Amino acid sequence: MDKPSLSSSSVEAIRYVVIKLLAGKKYVVDAVYRYLVEGKGPSELASEYNVTKHRIRGNIVRFIEKSGGERKARAMAKLLAETSIEVSPIVKDGVCTICGERIQEDNVDRHIATKHKHEVQYLTNKTKMAIIRVKKEKEREAMNS
């Protein structure tokens with residue numbers, strides 16, 4: 001049995017999700033899943049999460065691009081949902097809880113990606129390993145059935 005691994009595009013998609021979760025934007029992860037897996041439309045999701053449909057579409061497009069295509073993005077969204085990743089937001093009320101810097105809403109993702117690379121890398125690797133475990137379990141189940 002080959003050792004399961006993840007492509008660089010899959011790792012980029014995981015990194016994207018980690019940054020969104022650290023920024024307190026779990027709705028992005030949920031919306032991407034509901035769009036790709038459940039077939040919900042951007043307008044419906046935007047209304048539900050109280051953001052514009054353009055923002056929802058942009059997040060979906062970025063996740064698909066980082067995943068390497070829609071088919072891969074759908075598979076990655078499913079794997080992420082099956083993997084219990086606990087990531088607590090590090091920005092609260094416009095202040096980074098790690099460095100204490102005040103951050104404007106539109107700069108939160110950039111702040112996390114540039115100022116807290118180690119946290120992002122650690123959580124990306126942790127999530128990557130959890131996804132690889134899920135993939136191994138699925139392969140085992142497929143071989144036993």
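These values consider heavy atoms only, across backbone and side chains, with no hydrogens, waters or symmetry-generated copies. Every value quoted in this text rests on a predicted model; they were computed, and no experiment measured them.
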Rounding to 0.5 Å, atoms OG1 (T83) and CE (M129) come to a distance of 12.0 Å
ask   = Do other residues, nucleotides or ligands put more than 12 heavy atoms under 6.0 Å from N50 CG?
value = no
Apply side-chain contact (heavy atoms from CB on, under 4.5 Å) to I112 and V120, showing your working.
CA-CA 8 Å; I112 292 168; V120 171; 3.6 Å; yes
Criterion side-chain contact (heavy atoms from CB on, under 4.5 Å) on Y49 and L45, from CA distance to verdict = CA-CA 6 Å; Y49 295 114; L45 293 167; 3.9 Å; yes
Scanning both residues in full, the closest heavy-atom pair of V108 with A23 reads CG1-CB, 3.4 Å
dist Y16:OH -> D109:CG (nearest 0.5 Å) comes out at 7.5 Å
query = Can you find a pair of side-chain heavy atoms, one from V11 and one from K128, that are under 4.5 Å apart?
reply = yes
In this structure, CD1 of I14 is separated from CD1 of I19 (nearest 0.5 Å) by 12.5 Å
Check: Should the heavy atoms of other residues, nucleotides or ligands under 6.0 Å from OH of Y35 be counted, would the total exceed 12?
Finding: no
**Request:** Please tell me if the side chains of I56 and V51 come closer than 4.5 Å, counting only heavy atoms from C-beta onward.
**Result:** yes
Is it true that atom CZ of R55 has more than 12 heavy atoms of other residues, nucleotides or ligands lying nearer than 6.0 Å? no
Side-chain donor or acceptor of R102 paired with backbone N/O of V95 under 3.5 Å: no
Between the CE atom in M76 and the OG atom in S7, the distance rounded to the nearest 0.5 Å is 6.5 Å
Judged by atom type as modelled, is there a donor-acceptor pair below 3.5 Å linking the side chain of S10 to the main-chain atoms of L6? no
*asked:* Would you say that T127 contacts L80 through its side chain, given a criterion of any heavy-atom pair below 4.5 Å between the two side chains?
replied: yes
* To do: Answer whether the closest heavy-atom distance between the side chains of I60 and V28 falls below 4.5 Å.
  => no
Within the 4.5 Å heavy-atom criterion, are K25 and P89 side-chain neighbours or not? no
Q | From CA spacing to verdict: side-chain contact (heavy atoms from CB on, under 4.5 Å), V29, L21 | A | CA-CA 8 Å; V29 180; L21 292 173; 3.9 Å; yes
Tightest non-hydrogen contact, residues K115 and E101, listed as NZ-OE1, 3.4 Å
- Query: Salt bridge or not for E82 and K138, using N-O below 4.0 Å?
  - Reply: yes
Report task. Mark yes when over 12 heavy atoms from residues, nucleotides or ligands other than E38 sit less than 6.0 Å from its CD; otherwise mark no. Result -> yes
Notebook entry, point to check: Any idea how H116 and H111 line up, ring-wise: parallel (<30°), tilted (30 to 60°), or perpendicular (>60°)?
Noted result: perpendicular
* Any donor and acceptor pair, going by atom type alone, linking the side chain of T97 with main-chain N or O of I90 inside 3.5 Å? -> yes
Going by an N to O cut-off under 4.0 Å, is there a salt bridge joining E48 and R34?
-> yes
Could you check whether any side-chain N or O of N107 sits under 3.5 Å from a backbone N or O of I103, counting only pairs where one atom can act as donor and the other as acceptor?
no
Self-check item: same_hphob_cluster(I132, Y122) at 4.5 Å side-chain heavy-atom cutoff
Solution: yes
- Item | Check against side-chain contact (heavy atoms from CB on, under 4.5 Å), N59 and K20 | CA-CA 10 Å; N59 288 314; K20 292 300 181 187; 3.8 Å; yes
ask   = Is the closest side-chain heavy-atom distance between R140 and E137 below 4.5 Å?
value = yes
dist R74:CZ -> L36:CG (nearest 0.5 Å) comes out at 6.0 Å
**Request:** Kindly say whether F63 contributes a backbone atom to a donor-acceptor pair with the side chain of S67 at under 3.5 angstrom?
**Result:** yes
